[in-house]
Amino acid sequence: MADSVGRQSDSINHATGKINRLELFKRKELTKEEKQRLRKEKKQHKKNKKDDRGPPEKEKEKEKASVPAPSKPATQSPAHKAAPVPVNASASESPVAAEKPAKSKAELRAERRARQDSERASKQGKKEGGQQSTSSKPKATPNELQPVVKRLPDHVQVDDPVALKKLAKKLERQQVRQINIVMLCLLSDCCPLTDDGFIQVFSEITLHIPVTVIHPSIVRLGLQYSQGIIAGSNARSVALLHAFKQVIQDYSTPPNEELSRDLVNKLSPYISFLSQCRPLSASMGNAIKYIKKEISNIPSQCKEEEAKRILQECIDSYINEKIILASEAISKYAIEKISDGDVILVYGCSSLVNHILCEAFEKQRKFRVIVVDSRPRLEGREALRRLVKKGIRCTYVLISALSYILPEVSKVFLGAHALLANGYVMSRVGTSQIALVAKAYNVPVLVCCETYKFCERVQTDSFVSNELDDPDDLIVTRNGKTHLENWQTFKSLGLLNLVYDVTPPDFVDLVITDLGMIPCTSVPVVLRVKNVDQ
Amino acid sequence: LEDGRKLVEYFRAQIRGDPDVASAVAAIRSLLEFLRRDQSETILGLRENMTQAIRRLEETDSSVAVSSGGELFLRFISLTSLEHPDLSQCKNVMIERGELFLKKISLSRGKVGKLCHTFIKDGAKILTHSSSRVVLKVLENAAADNKRFTVYVTESQPDSAGKRMAQKLRKLNIPVMVVLDAAVGYIMEKVDLVIVGAEGVVESGGVINKIGTYQMAVCSKAHNKPFYVVAESFKFVRLYPLNQQDVPDRFKYTADILKTVKDLNQEHPMIDYTPPSLITLLFTDLGVLTPSAVSDELIKLYL
C-alpha cells in the first residue's frame, strides 16, 4: 500500500506539469528494488526501535531528524533510521515488534550499516534527493492535537522542504489530492518563493482541492480563513464549530462502521485541509480536541439520529459555555476594574475587549478609550467603529505614537489569541510592545482571555513558532511611488510579515478569565484544574 | 439587630480578654458563638444570618483579616454535605467543623513561627515594621533557639505602634532600636533581612499591611535585601489590586472614620499594598511560598 501511494504521488506530481513548488529539490530516482529494500530495512529498524523505546520517543526522533538542514549527507543516516512506516502498519506492528529476539538486532544493525555506507558513497553530491525517496510517511493526526507528544507540528517549519514534502504525502494518504487549480489563483497572488527558499508564505504553497472527500462547508470555511474574511480567534472557532455541525448533520455512517470511530477519521482530512488554508489557532485546537472526545464517547448502541442530536447539542453547549457565557463572566470581573475617569488603552480589535467596554459603558461608567492601531492589518479601525457606534469617546493613534500617549493612560486592556503554559501571552503582533512600554510607564496591563484558549504549549520568543502573512501587504504606494515593488529581485532583501508575538508574564499584571482574576503565572494551575475536571 | 449588638459585644470582650489573639481569630470565635445561638429555621436563613454577622463585625473592625477570616470560616463550615433531614443535626455538623477550623487557625501562628525562625542566622540584623504579633512570635522562637540578633523597628505613625513592639521585644531581652519611618532608606544598608507581618494576602501574591510597608519593600529591593512576609493562611483574601488606588476604601480606613467622615480624600489611609514583585518569600502555615504560589493556594482554598 505504501508503495502504491508513493507511485501515485509521483504520477500526480508529474502530471500537473506546473511548478510544483515542493519540487525545489531534485528527486533521486532509485530503482524499484532499492526502494523495496529500503522500505524493508526501515520496517526492521522500526521494530528494533520499538523494543528499546516506546512510540512517543520515536516520533521525537523523527522530528529531530527532519529539523536539521537536509543538505548534509551526514544526516541521511538518522533520517533513514527515523523514517517511519505508515501509521496504520506501525500500529499493527508494535505487538509483533515486542516479540523480536534481541540477537538479530545486532545482525540487522550491522547489515544496515554496511548498506548505508554503500548508499552514502553512491549518493555523494546529491543533496536532498536521497531524503525524498526515503522521506518519512507523514503522521496521521495533526501533532498539536496529540496530548501525549507535545511538540510543534512540523508543518510550521515553512522553509524546510523535507517537512513540506512530508505534509504533501500526508495529505496524499488522506486522499486529498494536490492539484493547482487556476481558479484559485486569486489566493496565489501572495508570496512567490525565492529560489533558495528564504521566505515562503505557508498558506499559499499549493492549495489542495479535494475531489470527493471534503465537505463543501469546510471548503467554504477554508477559503474564508485564507482570505481573511473570518478573522479573530473567537470568530474562527465559532465558524469552525458551526461547519462541523453541518458536517455531522450530513454525515451517514457507512455499513459495518461505528459512528464514534468513523466520524473521527472523517474529520481528520478536513482538519488538515483547514490547517493548509490557515494554520489552526490554539482555540480551534482545543475545540477540535473537545469534539473528538465527545464523538468517541458516544455509546456504541446509540442510534445514528440520536448520536447526531447529542453531538449537535454538545457543540452548542460548548459554544454557549466557553465563549458566550465566558465573555459575560469576564465582563463582570473586568467592569470591577474600570473606575470613573479612567483612560483605557486597547490595541487592535479583540471581540472580548470590545464587549467589555460596551458593557461598562452601558453600566454608566465614565471612561474614554484610546485605540492603538498598526499596519498592515489596521484592525483598530474596526474596533474604533464599534466603540464609536456605542457612543464611547475614543482617540485613535498608530503604534509609533505609543510612548507619546501612554502618560495619559490609566489602564491597558489587551485581548489574547492563546495563553501558553509558562504564562506567556500569545497575541497579535505589537501586543508585547504595548505591554513593554506600559510597564516602563508603570501602567497596569490587563489581559482578558477565556479558559478555552489556554494551551499546553511553551514558547519564550516569537520566532520559534509563528504564522507568516503575505509580505506584499507591507508594500505601500505613496505619491505614485512604490519603493519595494520589485523586492523579490534583490537577493539580500526579505520581507517579514509576522502575525503573532508572545508577551512575557512579567509585563502582564492581571489575567481576567471566566474562572476569575489570576496572575499570569497561574495558568498551569488552571490547566491542571481543568484536566482534573475532565 | 439585637443579635448584632450582642455579637459585637462578645467580639470586643474576646479582644479585651486576650490581647494577644489575632483579630480574625476573635472574630471567628464570635461567629461560632453566634452560630450556636442562632434560631433560624432553614439552612439558607442560617447562611444569610452568618453573612450579616460578618458584615456587622467588619463594621466594627475594618481590617482585611476579619473579612477574609469570616469568609473562609463560612466556606469551611458549609463545604460539607449537609444532607441531614433535621436542621439541628446540620447545625451540629456545622458547629463541629467550626470548632475544628478554630482549633486549626489558633495553631497557625505557632506553625509560622517554627517555619520562619530558621531563616534568622546568628548575628543577623532584622528590620521590621510596626507591631505584628506573628513577627513577635517568630522573633521569640529565634531567641529561644539561642540566636543572637538585633532588631530595628520603625515607629509607624500615626499610632506609634512600633514603640509598643519595641517594648514587647525588650521584655524578651532582644536588643532593639526604634527608628523613624523616614529613616528606612538610611538604615537599609545595615540590615540583613526585613520581616513584616500582613493584614491580608491578596490573589496576586502581594500583601496589604500597615502604611509604610510598600516603602520598605521598595528600599529593600533597591538594596537587594530579602523581604519576608509572615502571615497565617486565614488572611488570604480574594482581592486583586492593580495599584494603591485599587484597594477598596473599606479596608484603607478604620471603621470609625468610615462611619463618621464624609470626604475620605482628606483622611490618611492606614494601609498600603505591596506588589508581589518586591516580596521574596511568604511564610504561612501552609508552608513557605513564593508570591506566585499564593494564587495556587488560593485556588485550592476557594474553589
Side-chain angles (χ1 to χ4, degrees), chain A residues 329-330 332-345 409-414 419 421-424 435 438-439 441-448 451 454 504-533, chain B residues 67-68 71-72 75 200-208 214-215 217-218 221-222 229 236-252 263-265 269 272-282 286-287 289-303:
Chain A
I330 293 177
K332 209 163 56 89
Y333 289 121
I335 288 173
E336 284 171 33
K337 288 289 169 207
I338 299 179
S339 25
D340 287 343
D342 259 347
V343 179
I344 297 179
L345 187 132
V409 174
S410 62
K411 293 191 175 69
V412 177
F413 272 80
L414 298 171
L419 237 64
N422 58 349
Y424 279 66
K439 185 78 180 181
Y441 280 91
N442 237 347
V443 175
V445 174
L446 287 75
V447 170
C448 308
T451 46
F454 285 21
D506 329 327
F507 298 153
V508 177
D509 289 298
L510 173 60
V511 177
I512 309 182
T513 69
D514 36 316
L515 288 178
M517 298 190 264
I518 58 172
C520 226
T521 45
S522 285
V523 168
V525 183
V526 172
L527 281 170
R528 203 192 321 144
V529 167
K530 271 201 328 172
N531 286 339
V532 165
D533 284 344
Chain B
S67 159
S68 66
E71 208 193 312
L72 277 169
R75 275 184 174 266
V201 179
V202 295
E203 275 193 76
S204 57
V207 291
I208 295 182
Y214 179 49
Q215 223 159 271
V218 173
K221 185 81 177 188
V229 173
F236 283 21
V237 66
R238 291 220 79 179
L239 272 181
Y240 204 124
L242 295 170
N243 45 28
Q244 304 299 336
Q245 262 188 327
D246 221 9
V247 180
D249 277 341
R250 65 181 196 272
F251 297 134
K252 277 199 215 170
D263 184 11
L264 284 171
N265 279 332
D272 64 15
Y273 165 67
T274 307
S277 48
L278 301 172
I279 301 173
T280 326
L281 284 176
L282 283 116
L286 301 169
L289 306 172
T290 58
S292 30
V294 169
S295 175
D296 294 11
E297 292 299 326
L298 266 170
I299 291 179
K300 274 192 235 163
L301 272 177
Y302 275 98
L303 282 180

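Numbered from 1 within each chain, the chains take letters A, B, ... in sequence-line order. For the numbers below, each heavy atom of this structure counts, side chains included, while hydrogens, waters and symmetry mates do not.
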Which atom names give the shortest non-hydrogen contact between [X] and [Y], and what distance separates them?
| X | Y | value |
| --- | --- | --- |
| A:Val523 | A:Ala421 | CG1-CA, 4.5 Å |
| A:Cys448 | A:Ile330 | CB-CG2, 4.2 Å |
| B:Pro241 | B:Leu239 | CD-C, 3.8 Å |
| B:Val237 | B:Ser68 | CB-CB, 3.8 Å |

> To the nearest 0.5 Å, what is the distance between CD1 (A:Ile344) and CG (A:Leu446)?
Replying inline: 9.0 Å
> Does the side chain of A:Leu419 come within less than 4.5 Å of A:Val526's, by heavy atoms?
Replying inline: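 No, their side chains stay 4.5 Å or more apart.
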> Under a 4.5 Å heavy-atom cut-off, does chain A meet the side chain of B:Pro275, its backbone, both or neither?
Replying inline: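 Contact with chain A: none, neither part.
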> Based on non-hydrogen pairs under 4.5 Å, which of A:Gly423, A:Pro444, A:Gly516 is most in contact with chain B?
Replying inline: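 Most heavy-atom pairs under 4.5 Å with chain B: A:Pro444.
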> Where do B:Phe236 and B:Val294 land on the side-chain contact (heavy atoms from CB on, under 4.5 Å) test, with the steps shown first?
Replying inline: CA-CA 8 Å; B:Phe236 283 21; B:Val294 169; 4.1 Å; yes
For chain B against chain A, print all donor and acceptor atom pairs separated by less than 3.5 Å.
| residue | atom | partner | partner atom | Å |
| --- | --- | --- | --- | --- |
| B:Tyr240 | O | A:Lys337 | NZ | 2.4 |
| B:Tyr240 | OH | A:Asp509 | O | 2.7 |
| B:Asp246 | OD2 | A:Lys337 | NZ | 3.0 |
| B:Ser295 | OG | A:Ser522 | OG | 2.6 |

